[in-house]
Every structure is written in structure tokens, then in C-alpha cells.
Amino acid sequence: MHNVFPGLSLTGGAFLFSALFFGLFFRLLGLADVSAWGDEMASWYFAMDLGSVFYGESHTPLYYFLNRIWLSFFPGEVLSLRYFSIFLNVLLTGLMVALVGRYQSPRRAYLLLVLWWLWPLAVIYSRQARHYALYADLSLLGLIAWSVRDQVKNWHLWSLLSLYPMVHPFALIPVGSILASDLVLRRLRRSDFFFFATSALPVCVYYGLRFLNLGQDKVLSNIRWITSSADLFYGAMVLLFGGDSFPHKKFYPLSPLPVFLLLLLTSLILIWGRNLGALRRDFSPALRTSFIFVGTVMVVELLLLLGIDLRINRYYIYIVPVLLFFLLELAEVDRFFDIKIGLLTVSLIAFNVTILRPWGDYEWDDDHVRMFRRLQLQLGSRVLVICGNSYQLRYYFQREYEDCSQQAMLLHKYKQDFNLFDLNGNDRYIPIVVLEKARLERYESFNHALFFSFSYSEGKDHGPAKNSHHRRLERNRPRHSTFSSGKRP
């Protein structure tokens with residue numbers, strides 16, 4: 001045991017291996033059974049079509065480029081990208097632990113490993129085909145690298161700081177806050193401050209080009225659907241520590257009390273036995289953390305004054321690793337170490353099992369499409385109109401986006417029998433208009449997804465009408481799906 005983990009007792013090693021096992025177990029359990037959701041399909045869509053990122057996506061192309069490389073070797077589906085998130089989480093966690101173990105102490109590295117590997121936010125987001133797990137990992141890695149910057153080459157640290165905002169642009173807030181706080185504390189020379197500040201250039205250039213080419217209205221249109229009051233937003237920020245995540249929260253909503261108790265218990269475990277006098281002598285960790293918190297609030301509220309509402313808690317996911325890193329800097333690592341690592345392991349595993357339940361399944365698009373395909377086997381041959389966004393149409397049906405209302409109204413105009421599958425349940429006005437002249441032969445509801453079968457003839461379905469407009473309808477007729485019922489795309 002000492003050869004693998006220096007300075008770790010048999011008891012501490014048993015807890016560490018338990019943490020490693022359960023952390024991987026929570027990430028992998030039931031992963032293939034969880035339905036894909038909209039943002040995950042966007043990850044797949046933009047990875048398969050990198051050229052559309054600049055014009056159609058609010059985030060930078062770096063994450064999608066990494067996804068594209070991964071999909072060149074592994075199956076092209078959302079599940080594969082989830083495994084990629086877990087792979088990156090394992091890789092970056094290992095790098096963090098190696099840095100702390102080499103430049104600080106092995107015991108502090110063990111505490112970091114247990115804390116981050118089992119932390120609810122790291123668990124739930126690493127199960128998703130989105131860039132937020134990578135965003136959180138880089139947040140913690142950046143803090144660790146900055147804390148040992150005297151032992152790290154400046155260009156290596158600069159590269160990490162420039163990569164970080166290219167995963168999510170709001171990473172500029174913690175980076176800027178760290179630079180400002182160390183400049184105030186005179187721990188950073190002005191020349192070094194300006195050198196590291198240039199790490200913001202890549203992401204600033206990218207978004208500057210988007211504004212110049214697309215215009216402000218086009219760029220801001222990606223986020224104009226957001227509306228959130230201050231109390232709901234800051235309450236959601238607290239829940240983020242407990243693994244709050246859409247669409248998980250829709251089915252397993254978190255309560256603030258267990259999240260608060262987890263934070264309190266973790267804090268007490270880590271600082272247990274620490275000399276309070278030593279904490280007062282070095283206030284830089286607390287000041288740096290405060291800078292980041294205050295900087296975040298200021299940016300959110302100032303943007304709101306400009307009419308830009310960015311009150312989405314996962315955009316500020318770095319707040320969680322910032323606080324955890326602060327606790328690690330305060331942690332006592334020599335006294336009661338075996339008890340500390342044991343209490344951390346047990347409490348985090350208990351929270352994941354009883355509160356977070358990251359393996360939880362829910363009915364979503366995968367299930368609705370499967371039910372629809374089974375229904376297709378019972379249907380006659382007629383035109384099929386599918387309402388959905390461009391990600392869903394490409395992922396599930398291998399179709400390019402078309403306005404389903406235009407397709408339906410054209411069929412309605414010429415009284416052409418057709419089936420309508422509304423994957424999101426957002427186009428309910430179509431049946432209202434169509435039923436003025438058509439007969440509803442069949443209706444099915446799959447949670448929020450809806451299916452309608454319309455006929456303009458009396459009696460049984462006789463297939464497509466043979467009239468003078470038939471050729472025109474055939475040119476506008478969508479291609480039928482080739483998927484078989486019950487199979488995942």
C-alpha cells in the first residue's frame with residue numbers, strides 16, 4: 001500500500017479505494033438507459049457539423065472539436081459522448097492529484113481525490129454529453145496550477161488559462177478575479193499580470209468576430225429566452241453544490257437543506273484540528289475566493305442592467321470548485337487523517353446514494369421516439385410530418401430541419417392525408433387548424449410528445465390522394481425514417 005500511496009495507512013487506503021470504486025460506479029451505473037436530452041443532442045449535432053458552430057451556437061467550437069475527434073474512433077451517438085465526458089473527468093482529476101501530490105503533499109492529494117471524485121456536481125455532470133464537466137474540471141485544475149505557479153512554466157500556465165475560457169467564456173470571470181486579487185495582494189508583478197491577462201485574447205477574438213459577422217441581435221438571440229428572478233437564481237446556485245442539473249432536477253428536484261448540510265459537514269471535516277491562528281496569518285485564499293464570488297455577482301447584475309439576463313446557474317459552475325479548493329487550502333492534513341478521509345468518503349457516498357441518485361432514469365426523447373417507431377408499424381403508408389429542432393431531426397430521423405407547420409399547411413391546403421409527430425409538443429396549433437377540414441383518425445400522447453393521424457376522406461385510410469397536386473406534394477414530402485422500432489439511434 002505504501003508503494004502505491006506513500007504515507008497512507010491500510011485503513012486510509014481502504015477508504016480511498018472505496019471512493020475510487022463508488023465514484024466510477026456512480027458515473028457508469030445506468031448510463032446507457034438515460035434518455036438523451038436537447039443539449040446533449042446539440043453536442044452531437046455540432047460535433048458532426050463543426051462548420052455550423054460559428055453561426056448557430058453560442059458556445060465556442062473547442063468542445064465540439066474534441067467531440068469530433070472522439071467520434072472518429074467511437075460510435076457516433078450521445079452515449080459515446082457521455083463516456084468521453086467521463087474519460088476527460090478521469091484524466092483531469094488524475095492530473096490535479098498528480099500536481100498536488102508533487103508540489104504540495106500526498107495527503108492533500110488524497111483528500112482532493114476523494115472530495116472531487118465523489119462530489120455530486122462532478123458525478124452528475126460527467127455523466128452528460130455536455131462541456132460543463134470539463135468546465136468544472138478546468139476550473140479546479142486552473143486554481144491548483146495557479147497555486148503552484150512558481151514551479152510551473154509561465155507558458156504552460158498561460159496555455160491552460162487561455163484554454164479554460166475557450167470551453168466556456170464565463171471562465172474569464174474567475175481568471176480575471178484571480179489576477180486582480182493577486183495584483184492587489186502584491187503577489188503578482190505588473191508584468192506578469194499583463195502577460196497572463198493576454199490569455200483572454202483567443203476567446204475575446206472569437207466572440208468579437210461573431211459580433212462583427214453576425215451582429216449583436218443574432219449573437220444575443222441565443223440567450224434571450226432566459227428569465228429568472230434574483231432569489232431563484234441565487235437559490236439555484238446553492239443547489240449547484242448538490243449536483244443540480246437539467247433535466248435531472250425536473251424529475252429529482254434537490255432540497256437546499258441536505259446541500260447545506262453536506263457543505264457544512266465537508267467544511268468541518270477538512271478544517272478539523274487546524275490552528276486558527278495560522279489561518280489568520282494568511283488571508284490570501286479567502287480574499288481570492290471573495291474576489292471570484294463578488295466578480296460573479298457584479299457581472300451577472302451588470303449584464304442584467306444592459307438587458308442581458310444570464311441567470312443560469314450552470315454558467316457559473318466554477319463557483320463549486322472555487323469553494324472546494326478554498327476548503328482544501330484550509331484543510332488540516334496531518335492530524336486525524338484516516339478519520340478525515342473516512343468521513344469524507346462515507347458522507348459523500350451517502351449523499352449520492354440517498355439524495356442525488358445520479359443513475360436515475362426518466363422519460364424523455366429517446367423513449368418517445370421508441371414508442372413512436374413501434375406505432376409506425378401499425379400505420380398505413382402516408383406522408384409523415386415531424387416537428388422538432390434541427391438536433392432532434394438529424395439525430396433521430398437523419399433529416400435536415402424543415403418548418404413542420406409549412407409542411408402541414410401545404411398538405412392541409414390540398415387535403416392530403418398525413419401523420420404528424422410533434423416531438424416537443426410545441427406545435428399544438430397545427431391540429432387546431434387542420435381539424436377544421438380533416439378527420440382525426442388517431443391520437444397518441446407520449447408525455448410531452450404528441451402524435452396525430454389526419455384524414456380528409458371518409459372511412460379507412462386509402463393512402464395518398466391521387467389528384468392534380470400529387471407531384472407537388474411528392475416534391476415536398478419528407479423522407480421516411482429507416483430506423484426500426486425499439487432500437488436506439
Side-chain angles (χ1 to χ4, degrees), residues 38-72 76 81 129-132 134-135 138-139 158-176 179 194-228 295-296 298-312 314-318 388-395 398-406 426:
D39 285 5
E40 289 186 308
M41 279 179 269
S43 296
W44 174 88
Y45 177 88
F46 288 116
M48 302 302 290
D49 188 5
L50 289 172
S52 63
V53 176
F54 184 84
Y55 297 98
E57 168 65 332
S58 59
H59 298 301
T60 60
L62 177 61
Y63 171 70
Y64 305 115
F65 176 73
L66 296 175
N67 281 347
R68 181 60 176 268
I69 296 174
W70 179 267
L71 293 178
S72 299
L81 294 181
R130 288 300 284 165
H131 59 294
Y132 294 106
L134 178 59
Y135 184 20
L138 288 176
S139 300
W158 185 93
S159 299
L160 175 61
L161 295 180
S162 63
L163 177 73
Y164 180 30
M166 288 299 289
V167 172
H168 196 286
F170 273 39
L172 291 174
I173 301 173
V175 171
L179 294 176
F194 288 113
F195 170 72
F196 288 118
T198 60
S199 64
L201 286 176
V203 70
C204 290
V205 168
Y206 177 79
Y207 281 99
L209 290 174
R210 287 198 84 223
F211 271 93
L212 287 174
N213 282 270
L214 305 179
Q216 177 177 320
D217 290 341
K218 174 66 174 178
V219 174
L220 295 181
S221 65
N222 295 119
I223 55 176
R224 279 182 176 157
W225 53 272
I226 301 168
T227 54
S228 180
T296 299
M298 288 179 61
V299 168
V300 172
E301 299 304 325
L302 285 174
L303 286 174
L304 193 62
L305 291 176
L306 298 174
I308 304 172
D309 190 346
L310 288 174
R311 285 174 168 167
I312 289 188
R314 62 182 181 269
Y315 284 6
Y316 313 94
I317 204 171
Y318 57 80
N389 59 43
S390 55
Y391 318 140
Q392 294 167 325
L393 291 173
R394 176 85 72 85
Y395 185 71
Q398 298 177 332
R399 297 184 179 191
E400 296 303 320
Y401 177 77
E402 291 184 81
D403 189 329
C404 66
S405 61
Q406 292 183 4
N426 294 332

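Bear in mind that the values here come from a model prediction, so they are computed numbers and not experimental data.
- Remark: of the listed residues Arg130, Glu57, Met48, Arg130 is the sole one forming a side-chain contact (heavy atoms from CB on, under 4.5 Å) with Ser43.
- When each of Tyr64, Tyr164, Phe170, Tyr63 is paired with His131, the ring pair (Phe, Tyr, Trp, His ring centres under 6.0 Å) condition holds for Tyr63 and for no other.
- Contact of the Leu81 side chain with the Glu40 side chain is not registered, since no non-hydrogen atoms from C-beta on lie closer than 4.5 Å.
- Residues satisfying the side-chain contact (heavy atoms from CB on, under 4.5 Å) criterion with Val299, sequence neighbours excluded, are Ile173, Leu303.
- Between the side chain of Tyr395 and the backbone N or O of Ala42, no donor-acceptor pair lies under 3.5 Å.
- Under the ring pair (Phe, Tyr, Trp, His ring centres under 6.0 Å) rule, Phe54 has a single partner from Phe46, Tyr206, Phe65, which is Tyr206.
- The side-chain heavy atoms of Arg399 and Arg394, taken from C-beta on, include no pair separated by under 4.5 Å.
- Rounded to the nearest 0.5 angstrom, Leu393 CG and Tyr45 OH are separated by 9.5 Å.
- Partners of Thr198 by side-chain hydrogen bond (donor to acceptor under 3.5 Å, both in side chains), not counting sequence neighbours, listed by chain and number: Trp158.
- Between atom CG of residue Asn389 and atom CE of residue Met41 there is a gap of 7.0 Å, rounded to the nearest 0.5 Å.
- Contacts of Glu301 classified as side-chain hydrogen bond (donor to acceptor under 3.5 Å, both in side chains), with partners at least two apart in sequence or in another chain: Tyr234, Arg311.
- The line from CZ of Arg68 to CG of Asp49 is 8.0 Å long, rounded to the nearest 0.5 Å.
- Here Ser159 contributes atom OG and Leu161 contributes atom CG; the two are 9.0 Å apart, rounded to the nearest 0.5 Å.
- Smallest separation of non-hydrogen atoms from Leu172 and Ala200: CD2-CB, 3.5 Å.
- In this structure the side chain of Tyr318 reaches within 4.5 angstrom of the side chain of Tyr135, judged on heavy atoms.
- In this structure the side chain of Val175 never reaches within 4.5 angstrom of the side chain of Phe196, judged on heavy atoms.
- Atom CG of Asp403 sits about 4.5 Å away from atom OH of Tyr401, to the nearest 0.5 Å.
- Using cut-offs of 30° and 60° for the angle between ring planes, the Tyr132 and His59 rings count as perpendicular.
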For this session: Evaluate the criterion side-chain contact (heavy atoms from CB on, under 4.5 Å) for residue pair Trp44 and Leu71; output intermediate values, then yes/no.
Result: CA-CA 9 Å; Trp44 174 88; Leu71 293 178; 4.3 Å; yes
